[in-house]
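Each remark here refers to the structure printed beneath this line.
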Amino acid sequence: MQQENGLILAQKPDRLVSGAAFWRVSAVVLLPFIGMVAAFGIAPDTVTEPVARKQVVQEVALPPLPPAVSANAGYWREERVQRGDTPGALLSRLGAEDPDAAEFLRTTRSARTLYQLIPGRTVRALTTTDGRLLALRYQANGKVLNVQRRDDTFSVTEQPLELERRVMMKSGEIRSSLFAATDAAGLSDAIAVQIADIFSTDIDFHRDLRRGDRFTVVYEMLYDQGEPIRAGRLLAAEFVNQGRAYQALYFEYAADQGGYYTPDGRNIRKAFLRSPLEFSRITSGFSGGRFHPILQQWRAHKGIDYGAPTGTRVKATGDGVVEFAGRHQGGYGNLVVLRHQSKYTTWYGHLSGFAKNVRKGARIAQGDVIGYVGATGLATGPHLHYEFRINDVHQNPLRVVLPSAPPISADRKAAFDAAAAPLAQQLQLLRGTALARID
């Protein structure tokens, strides 16, 4: 026990020493903070001097209150035109229970535009709380119809639309067709047609589209008081077809004159389009021989047949002069022949009719409509027979190497680079994204 007690007695001083050390360390750590608290504290029973206080009164001028709005001042309300709407039904939804206004709009010839209601368009009306019509605004066919009430009389004016231009960016992916992809991306058919026109010299939209192809566009959208009216010009576009990227940037080199070029200034256009139809299907290709369905014999087919409904527009594939336009004595039926430069000619057969001003000697620009699909001559159904000849020798239009249009001239290169740089940056921003819409 003594030894055990000795051990106990020997251990107690150690614990005391270690405890004292702990409190010494704690004091060193906490002392500065305790001192700080003491420095900022106030001792008990300390008498402080009273602080002088002074009352200050200052007059502040208030802005005058706006006059109270009269109930007769009215308020604006808008409604979208629904299918089957009449002016009377529309006025009723706008809160205009005004027989005088309804009678005026019904009998006034200058207000007839209101009877050409287009579903989806917006009509705005200013009415009083008791239903009197004070003003009405409706835009259609590029004009704005304004109806104003002065006391008990009405006046009608029509003015051209002053549209606001906004630049938009969108991208999409081909799943089945170009139109389906642009619809999914929220783009109008006008933009889809521009895409096809711009890239038609490099991409045959009848044969070359593949699932997974992508496109990106920068374009104008025109608005009237915040309401989208129509798509404008395509400013820049990129189309990735079968892994190969094609880019086009619009450059206006003179008032209302411009074209599409690659970022390095090469003309996106070729001297000829790959196809004379915007969208159709090839029913018979270029071949050394095929069984003719009417002649019932084997013979060479030296052109491309495009199946399309009667009346489909046929476009000139290149700038040229009309060499022939009329009824051909052979199997071509109604035929247009264009000569391009000196050695190139293009033939357009089986037409149902000719476009206005298409006659021998007339100058035609690439993309101009020259006729309409038909089934005249030796044809079993409506289609276009298209031939491409060099020095009067038939060539396969889908395989022949087409000459390019002139690039940006040296005197315009600096202006082109300045205009093209921001457009190219916008395309790069969206490249590789899966965005369908950026507003």
Side-chain angles (χ1 to χ4, degrees), residues 66-168 170 179 182-194 219-234 309 311 313 356 437 439:
V69 179
S70 170
N72 291 327
Y75 57 93
W76 284 98
R77 182 173 176 176
E78 70 176 38
E79 287 283 341
R80 288 198 178 274
V81 177
Q82 300 176 6
R83 190 170 301 277
D85 259 343
T86 63
L90 195 56
L91 286 176
S92 179
R93 288 210 313 277
L94 288 165
E97 302 293 341
D98 192 332
D100 293 339
E103 178 67 16
F104 172 80
L105 296 175
R106 187 180 66 83
T107 58
T108 303
R109 182 177 295 275
S110 56
R112 287 295 179 184
T113 303
L114 194 60
Y115 284 80
Q116 302 170 0
L117 296 175
I118 301 174
R121 292 289 173 85
T122 300
V123 179
R124 296 179 175 89
L126 178 65
T127 60
T128 63
T129 54
D130 59 357
R132 294 177 72 242
L133 180 67
L134 302 179
L136 185 140
R137 185 183 189 276
Y138 173 63
Q139 67 86 13
N141 302 322
K143 294 183 178 180
V144 178
L145 174 74
N146 285 297
V147 178
Q148 294 287 335
R149 185 177 199 142
R150 295 287 185 271
D151 296 328
D152 291 329
T153 61
F154 293 92
S155 63
V156 179
T157 59
E158 274 193 348
Q159 298 173 333
L161 272 176
E162 295 182 3
L163 298 177
E164 173 195 358
R165 173 183 173 271
R166 300 182 190 177
V167 176
M168 315 290 283
K170 291 183 183 177
F179 276 108
T182 52
D183 284 346
L187 291 164
S188 67
D189 288 351
I191 296 298
V193 170
Q194 290 186 65
Y219 65 102
E220 296 174 332
M221 194 69 190
L222 304 177
Y223 285 77
D224 173 45
Q225 296 190 355
E227 180 182 1
I229 300 302
R230 67 175 184 274
R233 187 188 302 278
L234 194 62
R313 300 185 307 171
K356 187 178 180 181
R437 177 172 182 169
D439 292 344

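These numbers come from a predicted model, not from an experiment.
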Would you say that [X] contacts [Y] through its side chain, given a criterion of any heavy-atom pair below 4.5 Å between the two side chains?
{"X": "Glu227", "Y": "Arg80", "result": "yes"}
{"X": "Asp100", "Y": "Glu103", "result": "no"}
{"X": "Asp183", "Y": "Asp189", "result": "yes"}
{"X": "Leu114", "Y": "Val147", "result": "no"}
{"X": "Gln82", "Y": "Pro119", "result": "no"}
{"X": "Arg230", "Y": "Leu163", "result": "yes"}
{"X": "Arg124", "Y": "Gln225", "result": "yes"}

Listed partners of Ser188 passing side-chain hydrogen bond (donor to acceptor under 3.5 Å, both in side chains), at least two apart: none

Non-neighbouring partners of Arg77 that pass side-chain hydrogen bond (donor to acceptor under 3.5 Å, both in side chains), sequence neighbours left out: none

All pairs passing ring-ring contact (aromatic ring centres under 6.0 Å, His included) where residues 116-167 contributes a residue, at least two apart: Phe104-Phe154

Expected output: side-chain Arg137 to main-chain Asn146 donor-acceptor under 3.5 Å: no

From CA spacing to verdict: side chain to side chain contact (heavy atoms under 4.5 Å, CB included), Phe179, Leu187: CA-CA 9 Å; Phe179 276 108; Leu187 291 164; over 6 Å; no

Stepwise side chain to side chain contact (heavy atoms under 4.5 Å, CB included) test for Leu105 and Leu91: CA-CA 10 Å; Leu105 296 175; Leu91 286 176; 3.8 Å; yes

Arg83 CZ: over 12 foreign heavy atoms closer than 6.0 Å: no

